[in-house]
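Chain naming here is simple, since letters A, B, ... match the order of the sequence lines and numbering starts at 1 in each.
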There are 2 protein chains.
Amino acid sequence: MASRKNGTTARTRCEQCPLRDFKPFREFSSDELSFVSNFKTGELTTDSGSTVLVEGAHSAHLYTILDGWAFRYKILEDGRRQILNYGMPGDLLGLQGSLMGEMQHSVEALTPLTLCVFERDRITELFENQPTLAYDVTWIASREEAILDEHLLSVGRRSALERAAYLLAFLQKKALSVNLVGENSGTLPITQQHVADTLGLSIVHTNKTLRKLANRDLIHWLDRGCEVIDADGLAEIADWEFEVSTNRPFI
Amino acid sequence: MASRKNGTTARTRCEQCPLRDFKPFREFSSDELSFVSNFKTGELTTDSGSTVLVEGAHSAHLYTILDGWAFRYKILEDGRRQILNYGMPGDLLGLQGSLMGEMQHSVEALTPLTLCVFERDRITELFENQPTLAYDVTWIASREEAILDEHLLSVGRRSALERAAYLLAFLQKKALSVNLVGENSGTLPITQQHVADTLGLSIVHTNKTLRKLANRDLIHWLDRGCEVIDADGLAEIADWEFEVSTNRPFI
DNA sequence: CGGGCCCTTGAATTCTCTCAAACAATGTGG
DNA sequence: CCACATTGTTTGAGAGAATTCAAGGGCCCG
């Protein structure tokens, strides 16, 4: 288990949640807002690199990312790791564990994280009293599924270059939507090992593939991060279109 | 668009749904049952090979498989196809489209299918009046996500032999749970092309890989189907464990 | 200053793909 | 009933992609 800085009580009040100002998210009714405000039992801060949720565990909590980057992954017995998806502000962590008992994947912080903490046991309350929020939760689960579909298509059928292009375009567009990077600024806080473990490639081949993208001036690879220069160019290589989802929910 | 035999009104009454007799599914309260019975607007029968849902479409319907096999897939512009998952009795089709507007993948019948038909627009009713069923829908979405995670791990990190072993073990166990095959009988109604498109391999290499499994007497490959001899042996090769989910929901 | 982590590169090996060809089973029309 | 087209499986061989092994360099931190 990894280290955690601390777990203080709620600092950010839901009524003043900074995420509500972002374009992509939908508005809450005052009823929904007060429910969520009460549903949130605290806030958790973690170091970069710490493990937030562990495969096999029965976590008592459910989190929404308030700030920072995370990733979900699974590992085989001999250590081979597959990164499944990345989490950014507004993303829900641990829903699977809440519904199905045991976590089937782990979650690790890519940067220092700020998480809103919810009690797993109280999710029934949400379904019983807040049908619109329940719908939102299902929407979120369904969206995650759609993204996994796209990842699976990528890993299964795209070439190494296309895969890398897709991943970086995806991360850039997603980060952009929640202001983690700007249109022409900001870096993705990942290493080439993360890219390799997401694409299902070795680190050596990943390195050579990223070099090709860098040589075409689509990205700049920095010390431990990636600056995306031309996300649309990347998306084009991958034959991928980003669907701009406005009005998306979060809890 | 593919051909369809016909689309008659409900034949099978929910109160006498044959799926309710299977071990893995949970019981309904009479209230839930009457809601679902009313929620179901008809029954649809399709030929093997027909397309049930198309990527990009705004389907007005949502289906539960009552009988038969199906698969979900996505294709790239140049025709490369990735099969995402397989559908069997009790599985929900088209939820993503219902929640997010547009279908992001297609669904095709692997055998003749019998589907329960629901109206997309009425899903809000379900969330508003049936919190337990709403929870079930979320559970189902979440479970699909967990399966996709496992597939992604497989395609990303397992060797060709491990991948094939995992897939066949998965299909066999899943089919077994809904009586589509017996413990020592029944075949998976797939071609090697389906296996290839699921594993992200070429058909030639898939053929050679399946041959290895057949030579070890783990499977028998028939004309257009696969007979699994030793599902546990396959699962062992893949370092995979099937989680027996008893009491799982379906709509 | 040493150790650890990350990026980079070359070379040999292994895996997987494409191309090509054949055969078996099925179905159709004459 | 046979000729023929179609679909699915099988095999070999050469080409291409990706892996492992190996090694070196840069940077940060204790």
Revision key, fill the gap. Of the candidates C:dC5, C:dC19, C:dT9, the side chain of A:V204 sits closest to C:dT9
Check your understanding: Rounding to a whole Å, what distance do you find between A:E227:CD and C:dC7:P?
Key -> 15 Å
**Study point:** Worked check of side chain to side chain contact (heavy atoms under 4.5 Å, CB included) between B:V228 and B:L234
**Key:** CA-CA 9 Å; B:V228 174; B:L234 291 171; 3.8 Å; yes
**Study point:** Rounded interatomic separation in angstrom, taking CG from B:L222 and P from C:dT26
**Key:** 12 Å
Study note, to complete from the structure: Given the options A:K74, A:R80, A:R81, A:D197 meets salt bridge (charged side-chain N to carboxylate O under 4.0 Å, His left out) only with A:R81
Practice item. Specify whether A:Y86 and A:F71 have parallel, tilted or perpendicular ring planes, treating 30° as the upper limit for parallel and 60° as the lower limit for perpendicular. Key: tilted
Review point. Once you round it to whole Å, what is the distance between P of C:dC7 and CD1 of A:I219?
Key: 11 Å
Check your understanding: Contact class for B:T191 vs. all strands (heavy atom < 4.0 Å): base, sugar-phosphate, or nothing?
Key -> sugar-phosphate
Review point. Could you give the distance from CZ (B:R158) to CG (B:L152), rounded to the nearest 0.5 Å?
Key: 11.0 Å
Exercise for review: Determine the sole option in B:R72, B:H105, B:H151 for which the side chain to side chain donor-acceptor pair (under 3.5 Å) test with B:N85 is passed.
Suggested key: B:H151
Exercise for review: Could you check how far CZ of B:R158 sits from P of C:dC15, rounded to whole Å?
Suggested key: 18 Å
Check your understanding: Does a side-chain N-to-carboxylate-O contact under 4.0 Å join A:E241 and A:K173?
Key -> no
Review point. Please give, in whole Å, the distance from C:dT9 P to A:K212 NZ?
Key: 13 Å
Review point. Earliest and latest nucleotide of DNA chain D, 5' to 3', sitting under 4.0 Å from a non-hydrogen atom of chain B?
Key: D:dG8 to D:dA13
Revision key, fill the gap. Nearest-nucleotide check on DNA chain C, A:R157 vs A:N207; residue mapping nearer the 5' end is A:N207
Check your understanding: Taking atom P of C:dT8 as reference, at what distance in whole Å does atom CG of A:L213 sit?
Key -> 12 Å
Practice item. Look at A:Q192 and C:dT8 and indicate whether a side-chain polar atom (N or O) is within less than 4.0 Å of OP1 or OP2. Key: yes
Point to revise | 5'-most by nearest nucleotide on DNA chain C - A:W221 or A:K208 | key: A:W221
Practice item. Return yes when atom CD of B:E236 has more than 12 non-hydrogen atoms of other residues, nucleotides or ligands closer than 6.0 Å, and no otherwise. Key: no
**Study point:** Minimum-distance nucleotide to B:D223 side chain [options: C:dT26, C:dT8, C:dA11]
**Key:** C:dT26
Revision key, fill the gap. Between A:R224 and A:T209, the residue closer to the 5' end of DNA chain D by nearest nucleotide is A:T209
Review point. Between B:E145 and A:Q96, is any side-chain donor less than 3.5 angstrom from a side-chain acceptor?
Key: yes
Check your understanding: Base, sugar-phosphate, or nothing for B:L201, non-hydrogen atoms under 4.0 angstrom?
Key -> sugar-phosphate
Review point. Could you walk me through whether A:D217 and A:I229 pass the side chain to side chain contact (heavy atoms under 4.5 Å, CB included) check?
Key: CA-CA 7 Å; A:D217 286 324; A:I229 311 295; 5.6 Å; no
Review point. To 10°, what angle do the rotation axes through the five end pairs on each side of the helix from C:dC1-D:dG30 to C:dG30-D:dC1 form?
Key: 30°
